[in-house]
Amino acid sequence: MSRYNAKETEVKWQSLWSERDVFATQTDKSKPKYYVLEMFPYPSGRIHMGHVRNYTIGDVIARYKRARGFNVIHPMGWDAFGLPAENAAIERGVHPGKWTYENIAIMRDQLKSMGLSIDWSREVATCHPQYYRHEQKMFLEFLKAGLVERKESWVNWDPVDNTVLANEQVVDGKGWRSGADVEKRKLSQWFLKITDFADDLLDGLKTLERWPEKVRTMQNNWIGRSEGARVFFKIRDEDHRPAGHDTLEVYTTRPDTLFGASFCAIAANHPLTDALSASNPELQDFIAECNKMGTSEEAIEKAEKLGFNTGLKVTHPFDETIELPVYVANFVLMDYGTGAIFGCPSGDQRDLDFARKYDLNVIPVVLPAGEEAESFTIENEAFTGDGTLFNSRFLDGLDVDAGKRKAIEKLEELGQGKGTVQFRLRDWGVSRQRYWGCPIPVIHCESCGAVPVPDEQLPVELPEDVTFDKPGNPLDHHPTWKNVECPSCGKPARRETDTFDTFMESSWYFARYCSPRSDQPFEREDVDYWLPVDQYIGGIEHAVLHLLYARFYTRAMKKIGLLSVDEPFRGLFTQGMICHETYQDSQGKWLSPDQIEKIDGQDGYITIDGGSPVKVGPSIKMSKSKKNTIDPADILQAYGSDTARFFMLSDSPPDRDLEWTESGIEGAWRFTQRLWRLVQTSLEALPAKEASAPAEFSEAATALRRTLHKSIAGMTENVESFRFNAAVAKIYELTNSVSQFKPQSDADQWALRESLEILVRLCGPMMPHITEELWQQLGNTTLLVDTSWPEADESLLVDDSLTLPVQVNGKLRANITVAANADENAIKTAALAEPNVQRAMDGKDIRKFILVKNRIVNIVV
RNA sequence: GCGGGCGUGGUGAAAUUGGUAGACACAAGGGACUUAAAAUCCCUCGACUUCGGUCAUGCCGGUUCAAGUCCGGCCGCCCGCACCA
């Protein structure tokens, strides 16, 4: 008997699938559709283990749904714009486009060697003008629809990547790619008005039942809705206040505490601060001090709360006789609310600390239950809880919520404020000062302003002849590209040299897959049929980036009439990461797994090159910097795709981290061989494919068939609920049962054939190549990929007799075997006949007899 | 600080609506086959035990005939957000 040759077999079936185009799909309204999508890869060079896991999970679902009769779309493409391509250009002098397309070619081959059930005819690369031209068109449509804005604002500047970053791309004060400390710069940028949809994006989350709770929570927090009020404080000192600043607008969530106000504070980059600093060098110094401060968690923790008294005074909105000082404070953020606050020291810890430091009033206004107004004081701890308002005139006696409502009512009545809803979400800044991205289709003219590129001039294509020899944006350095005529007045004008954030391309690619060769972004008929994506699979790292942008972009596309869905992804699954042990030499230098070997007969490792001791570290996410990566190419080469896929699914639940181990992949390899041997050794004696089912089965055959049909039911449930590791366990159990079965008759042989065929069908989505081969060996002339998922025979899911555990007082004492239809009395008799049960009962009377059908017996004495 | 999740053998993990805790696998140990190795096959494998049992799902308590699962209170770990007014 031959050993299974994975390489030959896998190539054989991959070619056959491809020749017959079995994974090509068409819009077909007569069939139920199912859209399976994994987050498309960035063409970085080679696939990594994370890709293997991602695409294995997706492929199992795609093949399973296909076997369940769905018209499955399962496309693939390339998120092909981005900085690594430019960095390669800078480091190696290769053009970003060439580098990208070469990487795509390599990675496409690698993915194809995994045997994924992908419709490759739908492949797209976002860096191709045939893709990004539609994005430019849509952007101009968004502009017309009022969803785009150009404004000067403070933006996040990454000094290493030399570009602006969106808020979502700043992680703990650092650039998400470069890790560099982000600086604040004031620049003119294009913004997509994601905030127009803030409430809708929030509401939509409630409908996403098949999204992980965690991701929904993260988006909820990111959007950050809060209810409160804007309050207008009149600025006094008409002689001193800067022109145009007669009112200070403040945002608060606690208008009920207005009578506890003792100061106002504004941000260092607030317009009023700007105006005041012009004639005030001390304030200029203070502002400079504030701007120096980092925005990382650590920097914020350490930073002292500092204020600068501007000397200005404002009037309390409820009482003209009360005046409050105005400070510039380093803890007030221009990005949130109005960039100005009022401070109520008794009700906010930070305000209290500030008040103590600058010797300001502390007026308690909320009385906790059980405290007396006369004796209640605030020392060093602010009271933030619920209670009864006091010291607050017309608000006295109300609770906090009623106080808020009443205060807002009064503010509006007096024209001193307004109830509002505030979001943390900012508009999405999409301008990037980089070359390898989609050009923003706008022309800047001195007299006409920002003018959209006319339709007939689209797409605006990236120039090929660019240089990367100096810092900054190559498009800006290009000698001619940016010089154009104004489409409106014909005078010399300048092309926009910024390109789009690469998250733009990934915000609509799932729709493009529906009509990948259309001269429109996509055909209405196709997206109406295919969208939304039924199952999306990817990493959690995009919880508030890509996944939020795509939800917004879908709404924007709906608004300009391109499609009719709100939510792009009905189901979302976030997979865990792949981890591996880490190794270091005695100097602490990281070692890769192939630089070390096991010490003979002992635990522990030495270096292959030199034999020096190796320190073994914890298993952490595979990363190049820690050198704990395993190249999937080596694994696919050594074991084949089926084994690699099987291991990816077997050890851990797919949403948890998976530890890569040598013994784990070896185990999967042993199973592949075992499955092969099992069929080879059985083939000869099997009855013909057409043989009809025998009238009767032996006891052993019936037992096998019961196991078999229970496996079908269990597997189906496990696959449906993404418990692939449990599904794999069921495959092992079934394989064990089939291996142990020794057929004695023709009927037994028939049962064996049935078992083998179903085993092969159940393994199909996980190990598509070997199962296709075995399917053929079992005498089938059709392809396994075109074969339906097996159905469990209901009659075999219940046993004739069953074993019931018997407890006495909740402790297991015996197991009894009774007929499946035995009544309570028969079961009781059988249970009481057990000597162990008798002993445990110790001659006492039965107080209660509990029988849970098909489960357990408990005798209480 | 706010929010989410998790805690089960040497390891990864199973366990339906509360119903035999540890399925399945990895590692380890023993045995068979072999000149030998690899491969394969068989057995053992939570702890303690006077071999009757007893104790075990982070800790303490509660509900229940019955708790890994439900409730209350702790402890620990992981993740996300955070000077958000």
Side-chain angles (χ1 to χ4, degrees), chain A residues 3 171-172 212-222 224 226 228 231 250-254 257 264-265 267 293 295 297 299-301 303-305 329-333 335-344 347-351 353-354 384 422-424 540-541 543-544 603 619 647 650-653 655-659 661-668 670-671 673-674 677 714 717-718 721 723 725-736 739 803-815 836 839-840 847-861:
Chain A
R3 244 164 103 93
V171 179
D172 194 21
E213 188 66 42
K214 180 177 182 165
V215 176
R216 285 193 281 168
T217 307
M218 282 166 72
Q219 291 210 358
N220 239 313
N221 294 342
W222 188 264
S226 77
V231 185
V250 151
Y251 175 72
T252 180
T253 54
R254 294 297 302 274
T257 64
C264 283
M293 200 179 74
T295 45
E297 186 181 345
I300 287 163
E301 201 96 318
E304 203 184 346
K305 309 284 176 268
N330 64 351
F331 59 83
V332 179
L333 305 173
D335 290 345
Y336 189 75
T338 61
I341 60 160
F342 81 80
C344 172
D348 183 288
Q349 192 57 44
R350 198 188 46 209
D351 292 350
D353 295 343
F354 192 81
T384 55
Q422 183 67 41
F423 293 95
R424 207 188 75 107
I540 186 103
E541 66 273 17
V544 287
D603 283 348
S619 183
F647 174 56
S650 51
D651 263 24
S652 294
D655 51 343
R656 245 185 260 181
D657 288 353
L658 172 74
E659 180 156 6
T661 57
E662 182 76 19
S663 52
I665 186 75
E666 286 286 344
R670 276 200 297 273
F671 176 76
Q673 295 290 346
R674 224 182 122 199
R677 275 198 314 273
E717 231 178 87
N718 287 150
S721 55
R723 289 187 299 232
N725 57 325
V728 166
K730 290 209 168 63
I731 298 258
Y732 273 111
E733 268 175 299
L734 179 58
T735 307
N736 288 344
S739 306
T803 301
L804 281 181
V806 181
Q807 296 181 332
V808 177
N809 287 338
K811 281 198 165 39
L812 180 71
R813 296 300 171 181
N815 282 295
N836 255 357
R839 189 168 43 230
R847 292 213 335 252
K848 204 167 176 184
F849 182 84
I850 294 153
L851 169 66
V852 182
K853 202 168 183 307
N854 297 338
R855 286 251 174 245
I856 203 166
V857 174
N858 193 7
I859 300 168
V860 187
V861 294

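Residue numbers begin at 1 in each chain, while the letters A, B, ... track the order of the sequences.
Separating the C1' atom of B:A67 from that of B:U17 is a span of 14 Å, rounded to the nearest Å.
The nearest whole Å value for the distance from the CD atom in A:Glu662 to the P atom in B:A25 is 20 Å. Put simply, CG on A:Leu333 is 16 Å from P on B:C81, counting in whole angstrom units. Atom-to-atom, CD of A:Glu733 to C1' of B:G22 comes out at 13 Å; the value is rounded to the nearest Å. The nearest whole Å value for the distance from the CH2 atom in A:Trp222 to the P atom in B:C84 is 15 Å. In this structure, CG of A:Leu734 is placed 14 Å from C1' of B:A23, rounded to the nearest angstrom. Taking atom CZ of A:Phe331 as the reference point, atom P of B:A82 lies 19 Å away to the nearest angstrom. B:C42 atom C1' lies 13 Å from atom CG of A:Asn736, rounded to whole Å. Atom pair A:Phe423:CZ and B:C81:P shows a separation of 20 Å (rounding to whole Å applied).
Between the side chain of A:Asn809 and the backbone N or O of A:Val861, at least one donor-acceptor pair lies under 3.5 Å.
Heavy atoms of A:Val250 sit nowhere under 4.0 angstrom from any nucleic acid atom. Among the heavy atoms of the strands, none lies under 4.0 Å from A:Arg216. As judged by a 4.0 angstrom heavy-atom cut-off over every strand, A:Pro212 is placed among residues making no nucleic acid contact. Residue contacts shown for A:Lys730 are absent, as no nucleic acid heavy atom lies under 4.0 Å away.
OP1 or OP2 of B:G53 has at least one side-chain nitrogen or oxygen of A:Asn836 nearer than 4.0 Å. Distances shown here put a side-chain N or O of A:Arg424 below 4.0 Å from the OP1 or OP2 atom of B:A82. For B:U54, the OP1/OP2 oxygens have a side-chain nitrogen or oxygen of A:Arg813 closer than 4.0 Å. Between A:Tyr732 and the phosphate of B:A25, there is no side-chain N or O to OP1/OP2 separation shorter than 4.0 Å. Applying the 4.0 Å criterion to OP1 and OP2 of B:G1, one finds that A:Arg350 has every side-chain N and O outside that range.
Closest to the side chain of A:Arg677, out of B:U40, B:U20, B:U54, is B:U40.
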Enumerate the protein-to-nucleotides 6-11 of chain B contacts in which both atoms are nitrogen or oxygen and the separation is below 3.5 Å.
none

Return the polar atom pairs (N/O with N/O) between nucleotides 64-69 of chain B and the protein under 3.5 Å, or none.
from  : atom 1 : to       : atom 2 : distance (Å)
B:C65 : O2'    : A:Asn858 : ND2    : 3.2
B:C65 : O2     : A:Asn858 : ND2    : 2.7

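Base orientation of B:G61: anti, since the glycosidic angle falls outside 90° of 0.
Nearest-nucleotide positions on RNA chain B for A:Val728 and A:Thr252 put A:Val728 closer to the 5' end. Where A:Ala340 and A:Thr217 each meet RNA chain B at their nearest nucleotide, the meeting point lying more 5' is that of A:Thr217.
Within the model, atoms CD1 of A:Ile341 and OG1 of A:Thr253 stand 11.0 Å from one another, a figure rounded to the nearest 0.5 Å.
Between the base of B:C83 and the side chain of A:Lys305 there is a donor-acceptor pair shorter than 3.5 Å.
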For RNA chain B, what is the dot-bracket line, given that a base pair needs Watson-Crick (N1 to N3, plus N6-O4 or O6-N4) or G-U wobble (N1-O2 and O6-N3) geometry with both distances under 3.5 Å, and | means paired with another strand? (((((((..(((......[....))).(((((.......))))).(((....)))..(((((..]....))))))))))))....
